[in-house]
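Everything below concerns the one structure shown next.
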There are 2 protein chains.
Amino acid sequence: MDILIPNPNTIDTVQAKTRQRLLDAAGEVFAEQGFHKATVREICNRAGANVAAINYHFRDKQGLYTSVLQYAHQCSADKYPPYNGSNARVEEQLKLFARSFLLRIFDEGRPAWHGKLMSREMIEPTTALDALVENNIRPIANQLESLVGEYLGQGASKQLIILCARSIVAQCVFYHHARPVISRLYPNQQYNLEEVELLADHITRFSLGALKEFKKQLKAVKK
Amino acid sequence: MDILIPNPNTIDTVQAKTRQRLLDAAGEVFAEQGFHKATVREICNRAGANVAAINYHFRDKQGLYTSVLQYAHQCSADKYPPYNGSNARVEEQLKLFARSFLLRIFDEGRPAWHGKLMSREMIEPTTALDALVENNIRPIANQLESLVGEYLGQGASKQLIILCARSIVAQCVFYHHARPVISRLYPNQQYNLEEVELLADHITRFSLGALKEFKKQLKAVKK
DNA sequence: AATTGTATAAAACGGCTGTTTTAATGTCAA
DNA sequence: TTGACATTAAAACAGCCGTTTTATACAATT
């Protein structure tokens, strides 16, 4: 057996990054295999860590998964902030919202875990989903709802606002969750940046058209 | 035991009974738990069969899953034949389309397996998906697109029609694929027949409002 | 220099999994 | 009845799983 004498310059970094390497490796494996099929041994193997590392750093496999889910969401949110146009007009903000959503979905890099992990949560929700919804998704939902509410004006009921917000989000996530079907129905469908721009534009126009009509009806009722 | 049907091949009948119970039980469990979390012991338990029954009738767990997928597809196709409201107005047909879609999604019975199993195919597509898209999904997509095209009129490009059709379908399937998140965001959300009616009504109004706006813009361009 | 706390390593532990083996049961044909 | 065959049942198997235990090495503190 070799007893490697570690370089004192790298000891701190190696130790400090074991947790991080586990998160990265687990993100890969969980996204590829799903929670139950993924094994702690494979995760530790890819991370170059001992089998006990997961239990030491994350209590258990479930704890690791929860952390990975939040980590992936954080990566995604960091790379694609919801939007930064709080001063812009509602129409502009809606388009920023859609584009940000689509960019997240079409990303091929590390945040791609986020999409796959979320899809798996939709099919087999774990306890990790509860925290994710409260900490990450609800703020975004509230943001969109207040945006829709602002556009529709005072006459709009809370229920109508919620339904419209859902209709908007639905168009965005559709391209993620139905991608295998879309690819088969329309083989020419591209997934590049230009396409994101085109889709964001359509979703915005479609949704604003719908909202405009609702607003008109609300005005008619008011009179 | 009564044998009402004078089938001379009683061996096959008895075999088919256990086989059938296994398919039903496995459909439940696979849909609830997913392939890996589901255990053959629980399936056999629900089916009132011995643990070895799966290996006897379906070779192994994977063979059972494949059979369940085909069986669930058959059930869904039987219960929800392709709708035909070709005589109604476009607005009415759109609402019929949305309601039909939502009813399938909110179905708690046997066809619910189909939806959940389909969701798994979205994450890890198998060869079964190709046939499913061509035989079942493409006809529905074409139907909706011709509906949208009819409403928008001659000026609408093929691309615009496709995008609008997707926006409509997206709103329907959203309630299927994002249900775990919706349930957590809005715990009061119901999933009964009245709710289906309400949602179908909203989706129709939202989409028609959007289409109306597109139509108006198309007219303006034409002038 | 001794102690404490943190991080990693190797090995083993129960437990559960899918599957197989072996035996028993029931059914039909000769 | 007898023999052959299909099906069910009980038990055991081998393997993998997540987790724990135990021991060691290192860093910082006293």
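In what follows, every chain begins at residue 1, and chains take the letters A, B, ... in the order their sequences are listed.
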[X] [atom1] to [N] [atom2]: how many Å, rounded?
X	N	atom1	atom2	result
B:E42	C:dT19	CD	C1'	18 Å
A:H57	C:dT6	NE2	P	12 Å
B:Q33	C:dC16	CD	P	15 Å
B:N45	D:dT8	CG	P	16 Å
A:Y56	C:dG5	OH	P	12 Å
B:Q20	D:dT8	CD	P	13 Å

Just list the side-chain donor-acceptor pairs under 3.5 Å for residues 32-41 of chain A, sequence neighbours left out, or say none.
unit_1, atom_1, unit_2, atom_2, d
A:E32, OE1, A:R46, NH2, 2.9
A:E32, OE2, A:R46, NH1, 3.4
A:T39, OG1, A:E42, N, 3.2

Within residues 54-72 of chain B or reaching into it, pairs that qualify as salt bridge (Lys or Arg N to Asp or Glu O under 4.0 Å) - sequence neighbours excluded: none
- request: Any salt bridge (Lys or Arg N to Asp or Glu O under 4.0 Å) involving residues 130-150 of chain A? Give me the pairs, sequence neighbours left out, ordered by first then second residue.
  value: A:D130-B:R184, A:E134-A:R138, A:E145-A:K158
message: If the test is side chain to side chain contact (heavy atoms under 4.5 Å, CB included), which one of A:T204, A:V169, A:I203 qualifies with A:F97?
response: A:V169
query: For nucleotides 14-20 of chain D, read 5' to 3', which letter fits each nucleotide if B means a protein heavy atom sits under 4.0 Å from the base, S means only the sugar-phosphate is that close, and - means neither?
result: ---BBBB
statement: Note: contacts of residues 64-71 of chain A with DNA chain D (heavy atom, under 4.0 Å) are none
message: Other residues, nucleotides and ligands only: do more than 12 of their heavy atoms fall within 6.0 Å of CD on B:Q62?
response: yes
query: CG of A:N136 to CE of A:M118: how many Å apart, nearest 0.5 Å?
result: 9.0 Å
message: Listing request: all ring-ring contact (aromatic ring centres under 6.0 Å, His included) pairs with a residue in residues 163-189 of chain B, at least two apart in sequence or in separate chains.
response: A:H177-B:H177
task: For B:Q143 and B:Q93, test the side chains for any donor-to-acceptor distance below 3.5 angstrom and give the result as yes or no.
output: no
